[in-house]
Amino acid sequence: MVGYSLLLIVILSLVAYYVGRGSARRFAGGAGSDKVHSLPGYHGAFIAVWVGIPAFVLVVLWASFQGAMLDNLVISSLPQAFTDGKSPAELNLALSEIRNLASGRIFGEPAPEIRAAAERLLAWQHIASWAMVVVAAALMILVLVFARTRIAPRFRARNNVERVLSALMVFCSVVAILTTVGIIVSLLYESIAFFRLVPIHEFLFGLKWEPQIAIRADQVAGAGAFGAVPVFAGTLLISAIALIVAIPIGLFTAIYLVEYADDRVRNVVKPIMEILAGIPTVVFGFFAVLTVAPAIREAGGLMGIATSPNSALAAGFVMGIMIIPFISSLSDDALRSVPRAMRDGSLAMGATASETMTKVLLPAALPGIMGGILLAASRAIGETMIVVMAAGLIATLTINPMDSVTTVTVQIVSMLIGDTSFDSPKTLAAFALGLVLFIVTLGLNILALQIVKKYREQYE
Amino acid sequence: MADVALATRDVPTPEFQTVRTPDPHPRPTKVKADNVKVFYGQKQALNGVSIDIPVKSVTAFIGPSGCGKSTFLRCLNRMNDTIDGCRVEGEILLDNRDIYDASLDVVELRARVGMVFQKPNPFPKSIFDNVAYGPKIHGLARSKAELEEIVVSSLQKASLFNEVKDRLHEPGTGLSGGQQQRLCIARTIAVSPDVILMDEPCSALDPIATAKVEELIDELRENFTIVIVTHSMQQAARVSQRTAFFHLGTLVEEGPTDHVFTNPSERRTQDYITGRFG
Ligand SMILES: Nc1ncnc2c1ncn2[C@@H]1O[C@H](COP(=O)(O)OP(=O)(O)OP(=O)(O)O)[C@@H](O)[C@H]1O
Ligand SMILES: [Mg+2]
C-alpha cells in the first residue's frame, strides 16, 4: 500500500505540474504578458511541490505509526477475562502471537481469543492502508485545487519554488548533521556507561589489556583488564610502519610526476595510482595474510630473527601501500600549486631541477604535504579490514615490528562479535575505544585541514 | 594593425631586412644573436632575429603584445629550455661563445645571465635567504661572513638595504610589490652576472615604485649589460640607450633610443610609437 501511495504521489504531482503550467500559459501568451512574474514552468513546479511533498510526509508518518497504533488497539480490544492477571511481558508475547497469526505463521494451537484478535488485526490493517491511500489522495486533490486558484500573472511562483527547494536542501543537510550528532551521542553514552564500570584513568593509562572476561557465570575466562595503552601502542606501531613505507614512496612519486616525468609517463602512472586507491581494503587484507606475512616470516627465519606469523610489519607494510595514493596525490597537488614563477625564478638563478625541488618547491609545498600526510595517518589509524585480517589479537606492549600486536579497530571488532551482552564491560569497552579513536582521528583531520587551508592562502 | 599582419603573412618567407642605425660611439658587443628562430611546436614565434647588444648599457625591446619580445629574451638565458615543445635555431654568442654549445653548461650560463620577471617572484623564504640563494647554490661564498657581505652589498646595489636592514630575517613575501621587485633584482645581482634580462619589470608596480626601479636600472648600467622588455614608450625612452622594435616575430628596427623615438626609419616603428597600433 505504501508503494501504491508513492506511485499515486508521483502521478498526481506530474498532473499538478501540467495543470499549473497549462493554466499559467493561458495568461503568459496573452496581452500584457510582460507583467507575468514567473515562467509557466515555475507555476507548474509550484503546484507540484505543494501537492507532492505534504502527501509524501503524510504517507511516511502514517506508515511509521500505523503499526504501533494498531497494536494498542488490538491489546485494548482483548476481552477483560483474557488480559486479567497478565504481566506486560506476557501481553507482549500474546501480541506477537497475534501478529504472527495475522501474517499467516501459525505455531501450535492458538487460543480462541488470540484467533479472534488476529482476525480483527487483519481487518484493521486492511482498512488503515486503504485509508492512507484515500487520505493522501484527498489531501493532494485539495491542495491541487487550492493552489490552482493562487496562480495569477503577478503570483511569485519562482520565489515560492526556490524557497521550498532551499528548505528541502536545508532539511537534507540537517539530516546528515543530526546523524553525525546521533552517532557521537551514542558513543558518548555507552562510553560513560563503561567508565562507570572501569575508571577512566585505568582505561587511559593501564598497561594491561585482557578484555575477554566471562559474560555468563558458567564461562571460563580471565579476570579482565582494561588498560588501553598496549592497544593504542599497537595501532601507533602499525600506523608508523605504514607511514614509513608510504611517505617516501608517495612523496617521491609525486616529485617525479611533477618535475621529471614527461606526459607519457604521467598518463600511465596517474591511472595506476587511482587503481591502487580503488582496491577494496579486504583485498589488501588477503595480500597481507597470504603473501606478505609468509614472506616476512620466511625472510625473518633465514636471518634468524624470531618472527610472529602475523607480525606488525606485514600489516603495516600493506597498509602503507594502501595509503600511498593519498600521500602522492595530495603532495602532487601541493607541489603543483606552487606558482610556476617560483620555479622559473629558481631555474633562472642557475639552479638545477633537483636544487629547485629541494630548496624552493618542497619548502613552499611543505604545509600541503604535511596536511596530506596527516590525512593519510588518520586513514591508517582508523583502518580496520587489513588489520583484522593480518594483525594479531593479543595486546602486547612492544616496538618490535616482528612481534604480533593488536590495534584499536581489531579489538573493537573482536569485542562486538560472538557472545555479547550490552551491560558487560567487555562490550562497553568497544565504545570507549571507538570514542578515543574518533577523537584522535578527528583531531588529526582538523589539524590537517587547518594546515592545508593556511597554505592555500599563502599564494592567493 | 590588420593590414600589416596580412602583408607579412602573405610573404612566404619573411626575409626582410632589419633597419639598423649604428651608435655614433659604438661600444663592444656583449651578446650577439644571429638569425634566431623559435618554434613552439609547429608554430613559429620568431623569424630570424639578429641583433648586437652592446656591453654596459641598457637595450630596450618594444613592440605590440605577442610579437615575441619575451620569447627572444628567454633565448638569451636558455629559459626556453624549460618550456615543453620549444625549439630554438640560430646562433647566440655571449662574449663570442655559443651559449647553445654543448660545452657550455646552462647552470653556468644562467649564473652569468640573470633574469628579473614581470611579476615579482620572491621565494617564500626570508629576505636574507632570497638573496643568499644564488651565492649558495653556486658556492660563491666560502664563509658565513662572506655570504653576509654579498647579501648586504647586493641589497645596497638594489637600493633596498636601508628599507629592510632591520628585517632581513622576515619573509620576502611580506614586502610591498616594488620592494619585492627590487629584492628580485638584488637576488639576481648577488651572483654577479654580466647580463641582466628584465621582462616588463615594472608592469606590476605603481608609478613611485616604477621610478625607483628605473633609477636603479640607470645605476646598474655602470656594471651590467641590461636588456629590458617594456610596454611603456616613456620607460624605454627614459632608461635605454638602444631600442629594438619587434613586430610579428621579426625585428623591424633597432638603433639608438633617441633616433628610434624621434626619427624612426621604418613606417611601422613610427606607427607603433605614435600609438597608431599595438
Ligand atoms: N609557452 C608557449 N607555448 C606556445 N606558444 C607560446 C608560448 N609562449 C609564447 N608563445 C607564443 O609566441 C608568440 C610570442 O610570445 P611572447 O610571449 O614572446 O610575446 P611578447 O612579445 O612577450 O608579448 P607580451 O608583450 O604580451 O608579453 C605569441 O604568439 C605567443 O602566443
Ligand atoms: Mg612578454
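Sequence lines set the chain letters: A, B, ... in the order given, protein chains first and strands last, and positions in each chain run from 1.
When heavy atoms are compared at a cutoff of 4.5 Å, B/Pro193 does not approach chain A at all. Neither the backbone nor the side chain of B/Lys136 comes within contact range of chain A, judged by heavy atoms closer than 4.5 Å. Of the atoms belonging to B/Arg187, heavy atoms from both backbone and side chain fall under 4.5 Å from chain A. If you measure heavy-atom distances from B/Phe117 to chain A, the contacts under 4.5 Å come from the side chain alone. At a 4.5 Å heavy-atom cutoff, the contact between B/Val113 and chain A is made by backbone atoms alone.
Within a 6.0 Å radius of CD in B/Glu149, other residues, nucleotides and ligands contribute 12 heavy atoms or fewer. Within 6.0 Å of CZ in A/Phe252 there are 12 or fewer heavy atoms belonging to other residues, nucleotides or ligands. Enclosure of atom CD1 in A/Ile399 is not indicated, since only 12 or fewer non-hydrogen atoms of other residues, nucleotides or ligands lie within 6.0 angstrom.
Using a 4.5 Å cut-off between non-hydrogen atoms, no part of residues 267-277 of chain A approaches chain B. Of residues 348-357 of chain A, those residues with a non-hydrogen atom less than 4.5 Å from any non-hydrogen atom of chain B are, in numerical order, A/Ala348, A/Met349, A/Gly350, A/Ala351, A/Thr352, A/Glu355, A/Thr356.
With rounding to the nearest 0.5 Å, the separation of CG in B/Asn77 from CG in A/Leu347 is 10.0 Å.
At distances below 3.5 Å, not a single donor-acceptor pair connects side-chain atoms of A/Lys359 with backbone N or O atoms of B/Tyr133.
Chosen from A/Asp263, A/Asp344, A/Asp262, the residue pairing most often with chain B at heavy-atom distances under 4.5 Å is A/Asp344. Annotation: maximal heavy-atom pairing with chain A below 4.5 Å, among B/His138, B/Met115, B/Gln118, B/Lys119, occurs at B/His138. For the set B/Asp81, B/Thr82, B/Val191, the count of heavy-atom pairs under 4.5 angstrom toward chain A peaks at B/Thr82.
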